[in-house]
Q: 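Just passing along the structure, written as structure tokens.
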Amino acid sequence: MPEDNKVSKAQQKAVNKYVKKNYDRINVTFPKGQKEILREHAKNQNESVNAFIVRSVSEAMDRDSQKN
């Protein structure tokens, strides 16, 4: 790995602290093979897998709340 791409332990610790303070983590499991399908779909939408999942859940929740 090139020297200028390395992250120091202090930098990584700061990032981890920020993430812990500002985000909730949810572990999600999918059937085997689905991960690659999700990656490809997200790539085609020009977004990360995380962004795709967050958007998908948000849109589903919006649709569900409109039904009620």
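Note that these values count all heavy atoms, side chains included, but never hydrogens, waters or copies made by symmetry. Index from 1, following the sequence. Since this is a predicted model, take the numbers as computed values, not measurements.
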Q: Within the side chain of Gln11, is there an N or O that forms a donor-acceptor pair under 3.5 Å with the backbone of Ser8?
A: yes
Q: Atom OH in Tyr23, atom CG in Asn50: separation rounded to 0.5 Å?
A: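 Tyr23 OH to Asn50 CG: 9.0 Å, rounded to 0.5 Å.
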Q: How long is the span from the CZ atom in Arg39 to the NZ atom in Lys43, to the nearest 0.5 Å?
A: 11.5 Å
Q: Do Ile37 and Ile53 share a hydrophobic cluster (ILVMFWY, side-chain heavy atoms under 4.5 Å, transitive)?
A: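 No; tracing contacts between hydrophobic side chains, which count when under 4.5 Å, never links both residues.
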Q: When you look at Gln12 and Asn16, which way does the side chain to side chain donor-acceptor pair (under 3.5 Å) test go after all the steps?
A: CA-CA 6 Å; Gln12 190 58 55; Asn16 290 342; 3.0 Å; yes
Q: Transitively linked via ILVMFWY side-chain contacts under 4.5 Å: Val7 with Tyr18?
A: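 No.
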Q: Kindly give the heavy-atom pair with the smallest separation between Ser48 and Ala51, and that separation in Å.
A: OG-N, 2.9 Å
Q: Would you call Glu59 and Arg63 a side-chain contact if the rule is heavy atoms closer than 4.5 Å?
A: yes
Q: Rounded to the nearest 0.5 Å, what's the gap from CE on Met61 to OG on Ser56? Could you check?
A: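 Met61 atom CE to Ser56 atom OG measures 12.5 Å (nearest 0.5 Å).
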Q: How far does NZ of Lys17 sit from NZ of Lys13, to the nearest 0.5 angstrom?
A: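 Answer for the NZ-NZ pair, Lys17 versus Lys13, is 8.0 Å.
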Q: Is there a side-chain contact between Val19 and Arg25, using heavy atoms and a 4.5 Å cut-off?
A: yes
Q: Do any pairs count as a ring pair (Phe, Tyr, Trp, His ring centres under 6.0 Å) and have a residue in residues 36-68, sequence neighbours left out, and if so which ones?
A: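 Applying ring pair (Phe, Tyr, Trp, His ring centres under 6.0 Å) to every pair that reaches into residues 36-68, excluding sequence neighbours, yields His41-Phe52.
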Q: Does Val28 belong to the same Ile/Leu/Val/Met/Phe/Trp/Tyr cluster as Val54, with side-chain heavy atoms less than 4.5 Å apart forming each link?
A: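 Per the 4.5 Å side-chain linkage, Val28 and Val54 are not co-clustered.
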